2 protein chains.
Amino acid sequence: MSNRAATKVFQGVEEQIATGQLKDGTKLDEASLAERFEVSRTPVREALLQLVGSGLATQIPKRGCFVNAPSFREVIEMFEVMSELEGMCARLAARRISDEQLNDLKTANAGCEDAIRYNDSDLYYDRNVDFHECIYFACGNRFLATETRALRRRLQSFRRLQLRARGRMPQSLTEHIEIIDAIETGDVYKADEISRRHVMIQGERFNDLLLHMEYDQ
Amino acid sequence: MSNRAATKVFQGVEEQIATGQLKDGTKLDEASLAERFEVSRTPVREALLQLVGSGLATQIPKRGCFVNAPSFREVIEMFEVMSELEGMCARLAARRISDEQLNDLKTANAGCEDAIRYNDSDLYYDRNVDFHECIYFACGNRFLATETRALRRRLQSFRRLQLRARGRMPQSLTEHIEIIDAIETGDVYKADEISRRHVMIQGERFNDLLLHMEYDQ
DNA sequence: ATCGAAATTATCGTATACAAAAATAATATG
DNA sequence: CATATTATTTTTGTATACGATAATTTCGAT
């Protein structure tokens, strides 16, 4: 945990965008933010640059920064991409995984089972991250791993939009087992397919539907 | 084109990393950069933040920024992800494209044909971008479009690594026609498959091979 | 009264100054 | 002579100051 003022501002604003306190289009005034976070304008500006870089804000030269909170539609879009990336990771892992990495994957999933036994959803969350990290590593593409990790982190804030928060742990675990099996047997197609669904159950069809309803937000 | 000092520094350093003038691991000293670009440290710091954001540099708190030039291996990895994203765009477009968008796509490809007739590879490059932009738009996922566009731009600097620079225009066009056909007939699988290959002919097998040779660059 | 131009104000972008932390050099001690 | 400890220097991170540009307001002319 960095003690920097800039990161404090960045995370603070990020948080407030995720929770909806800062609504889409709101101007991110440097002076006000500096005052609110009790820092000078310099770290505020650095934080804003990072926000722009991560897509959470838009900058108009000489005009300032504005909140770029993703609409419901955009969140769905992000999930759609996330499911693709997860699928790709699993598919590559199915071709490239080593015995040792497969072992690590099984161990990580055993951790998930433990979390279910304790009925500890927070613990499950962490163990689930470990599980997916194993796949990211085994996919043999560190760039892909980094990108997927970044998107996962970005979507984390919007998990509340995922309707099926509770009672999904057992199903998640079932999918894990299927994924492990697919990777172990080198079933590229299956590993891909299940991993996609693992991320977005309703799948792309849901988005198709949404597209025909209204184009914006 | 922004006249900002920060962007000047950003683009300058980006250029020098792409051309290899700034080698991997080189420390990006704020003072030297400020002197070299004849600006103060403030815009230099902003540029460095952006470089970190786009993955071209790594920042170690209280230690400074260091060039993060992608290795050959990483470039291959990026192409691998790029092919996946392009495939996804085409696949989604095959399901979602409208008559008008399909028309635009055909028009864009006609532009590519023109470029071949004139044997103008620079023109072909631009028209090819237009062609792919049509697919990005038709995929109906703006987040995906943005991400794919960003990666395309990032890889642009390393096109010199793509061996098959010359004499590929006709083959590229053949693939375009196949992609259009697949999208028009809604052949999701084919659109995906051809688009992937369109980006990275040698495909994933090449990378598989590389992985067994040596792990790190 | 309304529209337009000039003056004012506010805010962005940059430069400089300062404080804190780390790297380096110097000195002391075994 | 090597190592540890302290002093010096360098560099990062933050604050403040200043200039430039866009937004706003004021004022005058039609």
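Every chain is numbered from 1 and lettered A, B, ... according to where its sequence line falls, protein lines coming before strand lines. Bear in mind that the values here come from a model prediction, so they are computed numbers and not experimental data.
Straight-line distance from the CG atom of A:Leu33 to the P atom of D:dA15: 14 Å, rounded to whole Å. The separation between A:Arg41 atom CZ and D:dA17 atom P is 12 Å, rounded to whole Å. Going from atom CG of B:Leu28 over to atom C1' of D:dT12 covers 14 Å, rounded to whole Å. Following rounding to the nearest Å, B:Arg45 (CZ) and C:dG13 (C1') show an atom-to-atom distance of 16 Å. Atom pair B:Glu35:CD and D:dT11:P shows a separation of 12 Å (rounding to whole Å applied). In this structure, A:Glu30 atom CD and D:dT14 atom C1' are separated by 15 Å, rounded to whole Å. We find that CD of A:Glu38 is positioned 15 Å from C1' of D:dA15, with the value rounded to whole Å. What separates CD of A:Glu46 from P of D:dT14 is a distance of 7 Å, to the nearest Å.
For A:Arg4, a side-chain nitrogen or oxygen approaches OP1 or OP2 of D:dT14 to under 4.0 Å. Within the 4.0 Å cut-off from OP1 or OP2 of C:dT14, not a single side-chain nitrogen or oxygen of A:Lys62 is found. Residue A:Arg63 places at least one side-chain N or O under 4.0 Å from the OP1 or OP2 atom of D:dA23. For the OP1/OP2 pair of C:dT11 and a distance below 4.0 Å, the side-chain nitrogens and oxygens of A:Gln59 include no atom meeting the criterion. Put simply, A:Ser40 has a side-chain N or O that comes within less than 4.0 Å of OP1 or OP2 on D:dA15.
With respect to the salt-bridge test (charged N to carboxylate O, under 4.0 angstrom), the residues A:Glu80 and B:Arg91 do not qualify.
Using a 4.0 Å heavy-atom distance criterion, A:Ala31 is classed as making no nucleic acid contact.
Atom CG of B:Asn109 and atom CD1 of B:Ile179 lie 9.0 Å apart (nearest 0.5 Å).
Of all heavy-atom pairs between A:Met78 and A:Leu151, the closest is O-CD2, 3.8 Å. The two atoms that bring B:Ile183 and B:Ala93 nearest to each other are CG2-O, 3.9 Å, heavy atoms only.
Comparing A:Asp29 and B:Pro43 by the nucleotide of DNA chain C that holds the closest heavy atom to each, the one mapping nearer the 5' end is A:Asp29.
The main-chain N or O of B:Leu144 is never found under 3.5 Å from a side-chain atom of B:Glu147 such that the two would form a donor-acceptor pair.
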